[in-house]
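First up is the structure itself, then whatever we jot down about it.
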There are 4 protein chains.
Amino acid sequence: MPNLPVNTLTRRERQAADRAEEILEVAARLFAERGFHRTTTKDIAEAAGVAEGTLYNYFDSKDALLFGILGRLSETPQEELGLSGPPQADARQYFTTLLHRRRSYLDKNFVMVQAIMSEILANAGLRERYHEQILDPWLEAIETALSQRIEAGQIRSLDIPAAARFIASIWLGLFIIEALGDPLIHIEWERLVETTTSMILDSVAP
Amino acid sequence: MPNLPVNTLTRRERQAADRAEEILEVAARLFAERGFHRTTTKDIAEAAGVAEGTLYNYFDSKDALLFGILGRLSETPQEELGLSGPPQADARQYFTTLLHRRRSYLDKNFVMVQAIMSEILANAGLRERYHEQILDPWLEAIETALSQRIEAGQIRSLDIPAAARFIASIWLGLFIIEALGDPLIHIEWERLVETTTSMILDSVAP
Amino acid sequence: MPNLPVNTLTRRERQAADRAEEILEVAARLFAERGFHRTTTKDIAEAAGVAEGTLYNYFDSKDALLFGILGRLSETPQEELGLSGPPQADARQYFTTLLHRRRSYLDKNFVMVQAIMSEILANAGLRERYHEQILDPWLEAIETALSQRIEAGQIRSLDIPAAARFIASIWLGLFIIEALGDPLIHIEWERLVETTTSMILDSVAP
Amino acid sequence: MPNLPVNTLTRRERQAADRAEEILEVAARLFAERGFHRTTTKDIAEAAGVAEGTLYNYFDSKDALLFGILGRLSETPQEELGLSGPPQADARQYFTTLLHRRRSYLDKNFVMVQAIMSEILANAGLRERYHEQILDPWLEAIETALSQRIEAGQIRSLDIPAAARFIASIWLGLFIIEALGDPLIHIEWERLVETTTSMILDSVAP
DNA sequence: AATGAATGAGGGTTCATTCAT
DNA sequence: CATGAATGAACCCTCATTCAT
């Protein structure tokens with residue numbers, strides 16, 4: 001068994017990664033439930049089934065947990081977010097796909113997104129990192145998609161940066177309303193997607 | 001000076017109200033700047049020019065300051081928010097006015113809104129009160145306006161609750177993006193209003 | 001009673017100074033007994049009869065207590081230390097007086113000196129401040145006194161900086177031996193002074 | 001290779017002793033640099049190139065490292081310290097030799113001496129052991145040397161215990177001043193020895 | 001014998017709240 | 001009503017020690 005040590009090491013490394021993963025998920029859940037500041041490191045350790053000190057074998061500080069969660073969110077590849085789609089798709093399909101992909105992204109990451117969002121307006125460092133890693137790439141991708149579609153004649157000419165922010169704001173706003181506990185949104189996302197797309201593409205004029 | 005006591009009392013009451021007001025504004029500013037938990041009662045007292053103990057003559061607790069700020073926000077009459085407008089206005093003007101009014105509302109209350117929003121996802125009690133006092137009335141007003149306009153034939157028939165949430169989410173999302181420090185939004189609100197209204201009313205089809 | 005507020009304020013200030021004083025003395029005693037690191041802020045608070053948080057109304061940190069103790073030690077005027085004596089006194093009397101004054105200084109400040117000395121070799125910042133505020137002025141004063149006496153012909157010419165360090169080292173060394181618990185020193189300081197002075201002034205030659 | 005196991009064992013034992021030695025030296029260096037409490041077992045393990053747990057295969061506890069260092073210091077034979085010299089040497093040579101030997105002892109062991117001294121006033125157990133193993137033998141040896149020289153008529157009669165403490169205090173005091181960072185002492189030890197010996201033997205009278 | 005992840009008691013410090021003045 | 005010193009529970013984090021591998 002010449003590769004036993006390698007395997008052992010790998011297993012250890014994998015265990016360590018798993019443990020870090022689990023801590024991060026537990027922390028995200030608690031941050032989402034009661035906010036970053038109302039969650040103590042003791043809470044996290046207990047919920048993760050480890051000792052408090054163990055947290056610090058994986059993360060430098062409580063803040064590092066927050067940044068770790070943000071890092072996890074930014075790992076999602078752009079395609080999965082509907083940010084880079086096939087440009088040949090027509091505009092309606094693009095919007096529909098975009099909102100669906102973001103919905104399934106949210107379904108997978110709701111807790112982590114809420115953990116971050118619950119602290120983001122109160123934490124300048126987090127805000128900055130969110131900008132760099134999440135928001136700016138997202139806006140850029142939307143702007144690219146829009147300009148491609150305008151060039152392709154799929155949609156009419158419009159103020160691209162403003163439109164990108166408009167689109168991003170829809171998703172952010174819907175997330176906020178859902179996180180605030182509005183019962184309709186989670187259940188009826190389909191209706192929202194349909195209505196939203198329809199309002200943008202078909203106008204609300206009678 | 002037989003009425004001096006009365007006057008004094010009255011002045012005192014006014015002074016008291018003013019002081020509570022000032023404390024609330026100072027607190028909102030600090031909460032918005034650095035978040036609720038990073039702001040200490042000592043910070044607030046110093047910034048307001050009073051002793052720490054004095055805060056407790058006006059508010060029961062630090063939490064009460066937060067609820068006080070929320071209360072102030074909910075005092076704004078609906079008309080000012082563009083929630084109840086003259087139904088005779090056409091749809092385009094309705095949307096434009098709505099967004100403008102909400103903008104000037106935000107200009108007046110940005111700090112208080114940010115103070116509340118920065119904590120709202122982390123504080124269940126606050127969330128509940130926000131629902132009752134702010135969000136639900138707002139959604140209801142939009143729904144009413146929409147159904148009135150649909151009935152009047154100004155806009156086509158659509159899923160009213162979903163559309164209301166869509167509209168609210170735009171405003172919430174734009175606020176978040178602005179609060180996150182996006183430079184475009186604050187400066188170019190006009191463009192955003194125009195683009196948004198245009199996208200909803202004119203469709204993005206070429 | 002037009003000066004009541006003034007008196008009240010003064011009394012408060014005096015109380016505050018007294019309290020700070022007492023905390024410092026208690027801390028010095030505990031530091032001397034069991035060392036800086038083995039003394040907890042809880043220990044200090046309990047021994048001082050206050051809550052732990054109260055310590056921080058008077059001192060910024062546990063370290064600040066140590067520096068506060070050092071500051072107290074450096075307040076002692078030079079005359080009291082026998083550093084600046086009447087130069088007309090003859091050399092024997094100078095040495096005797098010097099050692100006696102340092103002894104009575106030590107009797108008054110033993111605990112504080114031990115508190116500082118027990119940490120000084122382990123704490124670079126403290127060491128630096130001790131140099132500036134205690135050791136260097138002391139060495140300078142001895143050097144001045146020696147050169148004055150050499151000029152006056154009271155003692156023969158010698159290597160002044162070396163001699164000053166020699167004299168300082170006697171006191172420091174005797175303090176260390178006493179602090180180490182040697183029973184002789186504290187009880188028989190007179191004999192030590194006499195022997196030391198005699199060895200320096202009369203030579204040990206038969 | 002029938003004796004391989006024996007050799008291996010022997011080599012292992014030697015390796016073990018070497019490793020304990022190295023750990024001790026590394027620990028002494030770190031204790032001297034930043035004090036006992038500011039040095040973590042992790043620091044020591046890293047600096048020694050072993051795992052933290054390995055320390056505990058060689059020493060029972062962190063405290064045991066300190067006592068181990070003390071033990072190393074007390075291994076130095078008395079002659080090397082100038083404690084037991086040939087009594088026929090005259091007094092001046094005795095003092096000069098004593099100070100020179102202690103200097104070269106210090107040159108070899110400065111780090112270990114500082115490691116011990118930095119903690120000694122804060123650690124009752126260490127203090128006691130230092131007394132037993134270092135200070136008392138030293139004082140006794142000086143007292144013996146003095147009484148031998150008095151009997152031999154090399155020096156005049158004097159208070160022997162006091163004189164022994166005086167002599168010990170010189171060395172301790174000079175060490176402290178050096179450890180405090182005084183620049184003169186280390187460089188100019190020769191001058192100090194000369195001045196000190198001269199002051200004791202020739203008197204400072206003009 | 002060597003490892004280093006896990007442990008958890010204990011540390012220094014903060015801060016919302018109280019209350020005597 | 002205003003004050004601000006006092007409070008002490010609770011926080012985040014450290015680190016000597018253990019033990020399964």
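So that the names make sense, note that chain A is the first sequence line, chain B the second, and so on, each numbered from 1.
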Residue-level proximity of residues 50-58 of chain C to DNA chain E when a heavy atom falls under 4.0 Å: C/E52, C/G53, C/Y56
Pairs satisfying ring pair (Phe, Tyr, Trp, His ring centres under 6.0 Å), at least one member in residues 34-56 of chain C, at least two apart: C/F31-C/F36, C/H37-D/H37
D/E128 atom CD: more than 12 heavy-atom contacts under 6.0 Å: no
Whether A/T39 side chain and A/L30 backbone form a donor-acceptor pair below 3.5 Å: yes
Phosphate OP1/OP2 of F/dC1 contacted by B/R19 side-chain N/O (<4.0 Å): no
Qualifying residues under side-chain contact (heavy atoms from CB on, under 4.5 Å), relative to A/A20, sequence neighbours excluded: A/Y58, A/F59
Residues which pass side-chain contact (heavy atoms from CB on, under 4.5 Å) with B/Y130, listed by chain and number, not counting sequence neighbours: A/L180, B/L70, B/I116, B/M117, B/I120, B/I134, B/L135, B/L172
Each stem that DNA chain E is part of, given as range with range (3 or more consecutive Watson-Crick or G-U pairs, under 3.5 Å): E:2-21 with F:2-21
Partner residues of B/E33 under the salt bridge (charged side-chain N to carboxylate O under 4.0 Å, His left out) criterion, sequence neighbours left out: B/R29
Pairs meeting criterion salt bridge (Lys or Arg N to Asp or Glu O under 4.0 Å) with involvement of residues 59-69 of chain D, two or more places apart: none
Separation of atom CZ in D/F59 from atom P in F/dT17, rounded to whole Å: 13 Å
Those residues of residues 29-45 of chain C lying under 4.0 Å from DNA chain E by at least one heavy atom: C/T39, C/T40, C/T41
Those residues of residues 62-69 of chain C lying under 4.0 Å from DNA chain F by at least one heavy atom: none
Salt bridge (Lys or Arg N to Asp or Glu O under 4.0 Å) pairs, two or more places apart, involving residues 42-53 of chain D: D/R34-D/D43, D/K42-D/E46
side-chain contact (heavy atoms from CB on, under 4.5 Å) partners for B/A179, two or more places apart: A/L121, B/F110, B/Q114, B/F175
Contact summary for D/I44 and D/L55, nearest pair of heavy atoms: CG2-CD2, 4.2 Å
Distance, rounded to the nearest Å, where B/D18 contributes CG and F/dC1 contributes C1': 16 Å
Heavy-atom pair of closest approach, residues A/A115 and A/I69: CB-CD1, 4.4 Å
Minimal non-hydrogen separation, D/V26 against D/A47, with atom names: CG1-CB, 3.4 Å
Set of residues satisfying salt bridge (charged side-chain N to carboxylate O under 4.0 Å, His left out) with respect to D/R19, sequence neighbours excluded: none
